[in-house]
Amino acid sequence: MTTQTRTASGTQYEAVIGLEVHMQLKTRSKMFCGCDRAYFDTEPNTHVCPVCLGMPGTLPVINAEAVKYTMLAGLALGCTIPAFAKFDRKNYPYPDLMKGYQISQFDQPFCLGGELEIEVDGVRRAVQIERIHLEEDTARLLHRDNGIETYSLLDANRAGSALMELVTRPDMHSAAEAGAFLRALRQTMRYVGVADADMEKGGMRCDANVSVRPVGQEELGRKVEVKNMNSFRAVMRAIEFEIPRQIALIESGQRIVQETRGYVDATGETVSQRSKEEASDYRYFPEPDLPPFEVDPADTEALRATLPELPTARRERFEREYGLVADEARMLTESREGAEAFEEAVRLAGSEHAVAVAHWFSGDVARLLNTLGAEAELSDTKLTPAHIAELARLVAEKAVTAATAKEVLDIAFESGNLPTAIVDARGLRQVTDTGAIDAVAQTVIAANPKAVEDYRGGKQAAIGFLVGQVMREMKGRADANTAAETLRRYLDA
Ligand code: ADP
Ligand code: MG
Ligand code: ZN
């Protein structure tokens, strides 16, 4: 993988990228009040109360579930959970900020350090994490234009929702690495069950900090922060736009101004929004309405013990335990639910059928799930692990041919009926009666003199055509190897 750019001047540059990622936590209620966590499709301003509307005189109460989820996220990423943590007030005036300040964490967050493994072009490496802190989300401004005037509407459903912010070190060097990091992060958060981390739905929001420097230079270049990206693709495109833009500026003798830029999806470009020099001073101070935290290491360890097996560990175990190749193990561990469905099917089928079960999941089952959407799971269909286990066994026992088994899966997908029941009801059992195969082979030979002549003339490939004809006659219910053997027996005689 090349992450360096050589320019006309001969200088070789490398990009340096750090990400700031906000993720909505899947808590039942908001961060400091009892309001239901609001979803995007809810009627505006229906999940609000005096606390999350920022009324004077109200007091926040810490959501213990949100603290636990943040610590779980940190533990999954190998962060340290410091013995002390506190909330701070971040002051800034903006219409979507109900109180005029946001309760966040400044210098003593819940999680410090940590790393997340990514893989780009077959190379695995750990990206270093700086910290994870907990804060409250803002309301949402909906900008409107009715043709006469432009105006903004305010939806406070999101205001006060629990939001976790993860900050990486400046430790990535390409758009591909940033994309891989966000994907791995989403996957891990979903495994742990603390966040859906869905960028398209706003459950995960990312700012990318990008700078460039000559290769070999220790000191970091001046960074630009890019905002407003709502898909993995957008983050990657924005970075791919920024890197050559910054290199060209430096090459033409200009200096990079530290600024915030917005990403424009229509063009894939970034545009200046404001320079950092005029950025507001947040005047952080410890939140006076909330007590600081003392974290008991024993509680942290108890929490760590509740973590599920994480994607990388599970993938490596699948390779070891079931003898799967890396790509297949990766595919089967993409989601925790999918991995669990696979293992349940192996348990039902018997571990000697693990590889066959894996092929079903990574092949035809994946094909069917894809027809329902990129993130569909087995539980979204009428299929269960028992269906896949039965299919694998039917094929292994030679009760059905591979071709019939695929057909049975499609029928099961539509009806939900179990494979054995489908096979029996439709008379799909494999023909093992060699007499029947003999008869069809002879008919096929008689009906296809050209192919027979080709085969006898030395064209081995002609047998494939004849086997196909036998299979067609027998509606896929003969074993292809037996058909080929039978044909050869007659042809070579
Ligand atoms: P700020 O105070 O501007 O928010 P921070 O030092 O807190 O800057 O870093 C914010 C994010 O920017 C982090 O993800 C960090 O890794 C990244 N970052 C910091 N300096 C650079 C740089 N020179 N190039 C690229 N990313 C950087
Ligand atoms: Mg920042
Ligand atoms: Zn509320």
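Being a predicted model, the structure only gives us computed values, none of them experimental. Both counts, for ligands and for their atoms, begin at 1 and track the order of listing.
Crowding of Lys86 atom NZ: a count of heavy atoms from other residues, nucleotides or ligands under 6.0 Å exceeding 12. In the displayed structure, Tyr94 atom OH is contacted under 6.0 Å by at most 12 heavy atoms of other residues, nucleotides or ligands.
Residue Arg222 places no N or O, backbone or side chain, under 3.5 Å from any N or O of ligand 1. For ligand 1, the polar-atom distance check finds no N/O of Glu225 at less than 3.5 Å from any of the ligand's N/O atoms. Residue Gly221 has at least one nitrogen or oxygen atom sitting less than 3.5 Å from a nitrogen or oxygen atom of ligand 1, judged on distance alone. Geometrically, ligand 1 and Gln258 share no nitrogen or oxygen pair separated by less than 3.5 Å.
Side-chain contact check for Ser161 and Glu136: no donor-acceptor pair (N or O, by modelled atom type) lies under 3.5 Å. Glu242 and Thr270 are linked by a side-chain donor-acceptor pair at a separation below 3.5 angstrom, with hydrogens and angles left out of the test.
Aromatic rings of Tyr322 and Phe342 (six-membered ring for Trp) have centroids within the 6.0 Å cut-off, being under it.
Inside a sphere of radius 2.8 Å centred on the Zn ion (ligand 3), the protein N/O/S atoms present are Cys33 SG, Cys35 SG, Cys49 SG, Cys52 SG.
For atom 10 (C) of ligand 1, the nearest non-hydrogen atom from the set Glu20, Glu219, Glu130 comes from Glu20.
Here CD of Gln24 is found 6.5 Å from CZ of Arg158. Values are rounded to the nearest 0.5 Å.
Here is the list of ligand 1 atoms found below 4.0 Å of a heavy atom in Pro170: 16 (O), 26 (N), 27 (C). Residue Arg169 has at least one heavy-atom neighbour below 4.0 Å for each of these atoms of ligand 1: 16 (O). Close contacts between ligand 1 and Leu19 involve ligand atoms 14 (O) [criterion: under 4.0 Å to a heavy atom]. Close approach of ligand 1 to Val167 is summarised as follows: ligand atoms under 4.0 Å from at least one heavy atom of the residue are 13 (C), 14 (O).
A cation-pi arrangement is found for Lys90 relative to Tyr282, the charged atom lying closer than 6.0 Å to the ring centre and inside a 45° cone about the ring normal.
No donor-acceptor distance shorter than 3.5 angstrom exists from the side chain of Arg186 to the backbone of Arg183, with no hydrogens or angles considered.
Salt bridge Glu14/Arg213: present, at least one basic N to carboxylate O contact under 4.0 Å. Between Arg245 and Glu269 there is no salt bridge, since no side-chain nitrogen of the basic residue lies less than 4.0 Å from a carboxylate oxygen of the acidic one.
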